[in-house]
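Chain letters run A, B, ... following the sequence lines, proteins first and then strands; every chain starts at 1.
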Number of protein chains: 2
Amino acid sequence: MSLAHAILTALLEKPSSGLELTRRFDKSIGYFWPATHQQIYRELKKLEEAGHVHVLPARRPERGQKKEYEVLPAGRAELTAWASAGQDPRPVRDALLLRLRAAAVVGGHGLEDELRRHLALHRRQLEEYLAIEERDFAGDGRGDGRGDGGEERDAGEERGGDADARRLRHLVLRGGIGLESFWIAWLTEALEGLPDALRTA
Amino acid sequence: MSLAHAILTALLEKPSSGLELTRRFDKSIGYFWPATHQQIYRELKKLEEAGHVHVLPARRPERGQKKEYEVLPAGRAELTAWASAGQDPRPVRDALLLRLRAAAVVGGHGLEDELRRHLALHRRQLEEYLAIEERDFAGDGRGDGRGDGGEERDAGEERGGDADARRLRHLVLRGGIGLESFWIAWLTEALEGLPDALRTA
DNA sequence: GGATCTTTTGCAACTAGTTGCATAAAGGTC
DNA sequence: GACCTTTATGCAACTAGTTGCAAAAGATCC
């Protein structure tokens, strides 16, 4: 049910239409819970049926016409409960580790290039995160800053989130930064110690 | 298609029945690609249809009777190709980060306990990994060791995997160790900087 | 004023993973 | 020999995520 709650969070930050949500996902919540527009439309429909959101009036809800959604009190209550309820981390599923394990059994050239490619992808993602940190949390200490604004600055629409909210958003971002940093370190180590038999050239 | 390849890898290490695979998954490959017995049975059937594995003879393939599977040359070829082919990392999907982000908007008590619980889970997992490293790779340097044995020591059935294979398995394990270490560090940081408004007591 | 491009919403089919339960054989036990 | 537990295989229904495509409305262009 995580996607529904991701949507509720995004809608509380700012009421939006399906497509706007999709775009906002791409540059904030989507970093750790990506979703396509189809998923979002389907989920919005379910949320509406459940009475957690509703369409703002003054909009003819016809095909091709924008429908702006807003969170209802029931939706907010649901989100609050979900946020602090117990929920186990979902098990790790990483195909690259699996492929390395397979290579230990059957070998496989081209792995070196593949590791380099992943390294580049993770470096790019890290840079993106660091740029956001620089832009929105410049000068704050590690994960406990304060001030104004948020990850996305649409047009001064942020509700000025208080210091706690800001600190939490920074913490989440630090999570992404730490994760990418880990992969970069691990891939670097992997490339150094990669057996010659798996090297590309 | 990752599960199919995980199964091929496990079967190459040692031909097994569905239930044996399930158990072996629980203590090695399943650390980064878990699967239930139902998933494994379904996948074995597909792999058999595709001609990638076959059932060893001298076994009546009846319900309740063990069926021992073995990888065919086509399966090995498929696995080799898959291991070094290009494949993007799947996007991160982490509910805890999402919940923190939600808490930034709606608050939520009980989060502190939840973070502590996750911290304990990750510490336990890290210990498990470190115990495996100690047992199977004691004395090896970071990710480039050599020697005998593998992650699972069933009964001396390991085919003595050469130094390269061993190094790769160690590298994969170091991946797990690094990942757990990252979460432990991040959760510790999170607990230190957690706003009072979200604390439990 | 018709062509076509963009924005927005949406369906349908598919793939992957989860959950709950059913069935069969083998071996122990009383 | 009736009953219980363990080992082993499996079906069916469900939930979640992906992919490909279609359709309505408005804007733009010539």
Check the distance between [N]'s [atom2] and [X]'s [atom1] and give it to me in whole angstrom.
| X | N | atom1 | atom2 | value |
| --- | --- | --- | --- | --- |
| B:Glu68 | D:dT9 | CD | C1' | 15 Å |
| B:Glu48 | D:dG10 | CD | P | 9 Å |
| A:Tyr69 | C:dG10 | OH | C1' | 10 Å |
| A:Lys67 | D:dG26 | NZ | P | 16 Å |
| A:Phe25 | D:dT18 | CZ | P | 12 Å |

Phosphate contact ([N] OP1 or OP2) by [X] side-chain N/O below 4.0 Å:
| X | N | result |
| --- | --- | --- |
| B:Arg90 | C:dA16 | no |
| A:Lys45 | C:dT9 | no |
| A:Arg23 | C:dT8 | yes |

Is any side-chain N of the basic residue among A:Glu112 and A:Arg116 closer than 4.0 Å to the acidic one's carboxylate O?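 Counted as a salt bridge, because a side-chain N and a carboxylate O are separated by less than 4.0 Å.
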Does A:Arg23 come within less than 4.0 Å of A:Asp26, counting only side-chain N to carboxylate O?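 Looking at A:Arg23 and A:Asp26, the cut-off is not met.
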Using side chain to side chain donor-acceptor pair (under 3.5 Å) as the criterion, list what pairs up with A:Glu114, not counting sequence neighbours.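 Once residues adjacent in sequence are excluded, the partners of A:Glu114 under the side chain to side chain donor-acceptor pair (under 3.5 Å) criterion are A:Arg99, A:Arg117, A:His118.
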When the nearest nucleotide of DNA chain D is assigned to A:Met1 and to B:Leu19 on a heavy-atom basis, which residue is associated with the more 5' position?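 Here B:Leu19 is the residue nearer the 5' end.
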Would you mind telling me which of D:dG17, C:dG17, C:dA16 lies closest to the side-chain atoms of A:Leu3?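 For the A:Leu3 side chain, the nearest candidate turns out to be D:dG17.
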State which of D:dG17, C:dA16, D:dA8 makes the closest approach to the side chain of B:Arg93.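 Side chain of B:Arg93 sits closest to D:dG17.
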Is the ring pair B:Tyr31/B:Tyr129 parallel, tilted or perpendicular, if the boundaries are 30 and 60 degrees?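 Rings of B:Tyr31 and B:Tyr129: perpendicular, over 60°.
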Heavy atom of residues 36-44 of chain A under 4.0 Å from DNA chain D: which residues?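 Close to the strand are A:Thr36, A:Gln38, A:Gln39, A:Arg42.
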Using a heavy-atom cut-off of under 4.0 Å over every strand shown, decide if B:Ser17 touches base, sugar-phosphate, or nothing.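 Counting heavy atoms under 4.0 Å across all strands, the contact made by B:Ser17 is with sugar-phosphate only.
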Interatomic distance, B:Thr9 atom OG1 to A:Leu100 atom CG [nearest 0.5 angstrom]: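 Atom-to-atom, B:Thr9:OG1 and A:Leu100:CG are 11.0 Å apart.
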NZ-CG distance between B:Lys67 and B:Leu56, expressed to the nearest 0.5 angstrom: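 Atom-to-atom, B:Lys67:NZ and B:Leu56:CG are 12.0 Å apart.
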Pairs in or reaching into residues 118-130 of chain B: which pass salt bridge (Lys or Arg N to Asp or Glu O under 4.0 Å), with residues at least two apart or in two chains?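 Of all non-adjacent pairs touching residues 118-130 of chain B, none passes salt bridge (Lys or Arg N to Asp or Glu O under 4.0 Å).
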